[in-house]
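In what follows, a structure is listed as structure tokens, so that the remarks can point back to it.
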Amino acid sequence: MLVLIAAAAVVVYPSLELVRELVRTGWTSIWRALGSGGVWVPIVHTMWTSVVATAVTLSLATAAAFATETFSRRGRMLVVVGMALPFLIPPFVSSMSWIAAYGPGGLLDDAIGLSMPGLIGPAGVVILLVVNSMPLAYLIVLSALDARSERDLMRAARVSGSTYRQALRTIMFPLLRPALVAAGAITFIMSANSFGVPAVLGTPARFGTITTRLYRDLVFAADPASFNRVLVLAA
């Protein structure tokens with residue numbers, strides 16, 4: 001009961017208050033906000049970048065987790081620590097560091113005259129969303145792989161004549177499905193919630209997401225219609 005009360009106080013009540021404030025503005029204002037491109041464009045941008053980032057992150061995190069299983073104990077620890085390093089850097093800072101390293105006029109550009117094409121824009125947003133969310137997805141999948149019964153079942157299948165691909169498809173991936181679903185859900189939420197990445201890499205290319213549009217309307221717009229857009233986007 002204490003957990004449920006805490007969840008209600010932290011999540012449910014503020015969300016209901018947000019919806020109540022939205023309804024209080026009137027349905028005319030809501031429909032006017034929904035009819036403007038200022039609402040739907042950042043929603044579409046947020047959705048497709050989050051979906052693509054989730055798919056790429058899950059694929060890379062799963063492959064990295066399987067590869068980690070082949071290392072010795074000491075090497076495995078080094079790989080896990082290395083994969084978790086991006087967690088130590090805030091997304092805003094990592095985005096700036098990528099621009100300094102691979103962007104126009106960055107370190108790579110100064111050294112050999114090359115820069116990463118499309119880093120400033122939606123492609124760069126997706127890349128950095130993957131970089132920032134992959135450590136958590138990797139650790140979730142790796143923890144599921146560490147379950148002893150799954151490795152024993154894989155060995156039993158191979159001894160019984162199954163190929164490695166068949167064992168993955170019929171045994172390992174079904175057993176990993178809960179972990180993959182959890183990693184995918186968390187990755188999608190982290191990508192949709194991200195502000196630092198689209199603010200640094202998307203804003204210069206006029207590529208806005210829900211978070212950056214909320215910030216722009218709250219901080220820079222004095223028009224009452226902007227506040228209605230903020231309520232609609234937040235809800």
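What you are looking at is a predicted structure, and each value in this text was computed from that prediction instead of being measured. Basis for what follows: all heavy atoms, side chains included, without hydrogens, waters or symmetry-related copies. Sequential numbering from 1 along the given sequence is applied to the chain's residues.
More than 12 heavy atoms of other residues, nucleotides or ligands shown are found within 6.0 angstrom of CZ on Phe66. Heavy-atom contacts from other residues, nucleotides or ligands closer than 6.0 Å to OH of Tyr102 number 12 or fewer. In Met96, the CE atom is not crowded: 12 or fewer heavy atoms of neighbouring residues, nucleotides or ligands sit closer than 6.0 Å. Under a cut-off of 6.0 angstrom, the local environment of CE in Met83 is crowded, with over 12 non-hydrogen atoms contributed by other residues, nucleotides or ligands.
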_Could you go through Leu231 and Glu21, starting from their C-alpha distance and side-chain angles, then the distance that decides it, and tell me whether this counts as side-chain contact (heavy atoms from CB on, under 4.5 Å)?_
CA-CA 8 Å; Leu231 290 175; Glu21 184 67 26; 4.0 Å; yes
*Run the side-chain contact (heavy atoms from CB on, under 4.5 Å) check on Ser194 and Leu129 step by step: do they pass?*
CA-CA 8 Å; Ser194 178; Leu129 289 177; 3.6 Å; yes
*Check against side-chain contact (heavy atoms from CB on, under 4.5 Å), Leu201 and Trp98*: CA-CA 10 Å; Leu201 298 177; Trp98 271 64; 5.7 Å; no
*Take Leu142 and Arg76, measure what side-chain contact (heavy atoms from CB on, under 4.5 Å) needs, and give me the verdict at the end.*
CA-CA 11 Å; Leu142 186 64; Arg76 187 176 186 274; 3.5 Å; yes
Under 3.5 Å, which donor-acceptor pairs link side chains of residues 166-178 to any protein atom two or more places apart or in another chain?
from, atom 1, to, atom 2, distance (Å)
Gln166, OE1, Thr163, N, 3.1
Gln166, OE1, Thr163, OG1, 3.4
Thr170, OG1, Gln166, O, 2.7

Distance-only check: which donor-acceptor pairs under 3.5 Å involve side-chain atoms of residues 49-61, not counting sequence neighbours?
from, atom 1, to, atom 2, distance (Å)
Thr49, OG1, His45, O, 2.7
Thr49, OG1, Thr46, O, 3.2
Ser50, OG, Thr46, O, 2.7
Ser50, OG, Ala192, N, 3.3
Thr54, OG1, Ser50, O, 2.7
Thr54, OG1, Phe188, N, 3.4
Thr57, OG1, Ala53, O, 2.6
Thr57, OG1, Ser133, OG, 3.3
Ser59, OG, Ala55, O, 2.9

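No continuous path of hydrophobic side-chain contacts links Leu88 to Met77 [ILVMFWY only; heavy atoms under 4.5 Å]. Both Val126 and Phe207 are members of a single hydrophobic cluster when ILVMFWY side chains are connected at heavy-atom separations under 4.5 Å. Hydrophobic clustering, with ILVMFWY side chains joined whenever heavy atoms are under 4.5 angstrom apart, keeps Ile189 apart from Ile43. Clustering ILVMFWY residues whenever any of their side-chain heavy atoms sit less than 4.5 angstrom apart, transitively, puts Ile210 in a cluster other than the one holding Met190. Hydrophobic clustering (ILVMFWY, side-chain heavy atoms < 4.5 Å, transitive): Trp27 and Val39 are in one cluster.
In this structure, the separation between CD1 on Ile99 and CD1 on Ile120 is 3.5 Å, given to the nearest 0.5 Å. The structure places CZ of Arg24 at 11.0 Å from CG of Leu22, a figure rounded to the nearest 0.5 Å. Considering OG1 of Thr187 and CG of Asn132, their distance stands at 11.0 Å, rounded to 0.5 Å.
The nearest pair of heavy atoms linking Gly118 to Ala123 is O-CB, 3.6 Å. Scanning all heavy atoms of the two residues, the minimum distance from Phe92 to Gly196 falls at CD1-CA, 3.8 Å. Contact between Ala199 and Thr212 at its shortest, heavy atoms only, is N-CG2, 3.6 Å. The minimum heavy-atom distance linking Pro42 with Leu233 is given by the pair CG-CD2, 4.2 Å. Counting all heavy atoms, side chain and backbone alike, Leu128 lies closest to Ser94 at CD1-OG, 3.8 Å.
Listed by chain and residue number, nothing satisfies the side chain to side chain donor-acceptor pair (under 3.5 Å) test with Arg165 (two or more places apart in sequence, or in another chain). For Phe87, the ring-ring contact (aromatic ring centres under 6.0 Å, His included) test picks out no residue, with sequence neighbours left out. Qualifying salt bridge (charged side-chain N to carboxylate O under 4.0 Å, His left out) partners for Arg206, counting only residues two or more places apart in sequence or in other chains: none.
Side-chain atoms of Tyr138 and Val80, non-hydrogen and from C-beta on, do get closer than 4.5 Å to each other.
The closest side-chain donor-acceptor pair between Ser162 and Ser160, if any, does not fall under 3.5 angstrom.
At distances below 3.5 Å, at least one donor-acceptor pair connects side-chain atoms of Thr68 with backbone N or O atoms of Ala64.
Side-chain contacts under 4.5 Å among hydrophobic residues (ILVMFWY), followed directly or transitively, place Leu2 with no other residue at all.
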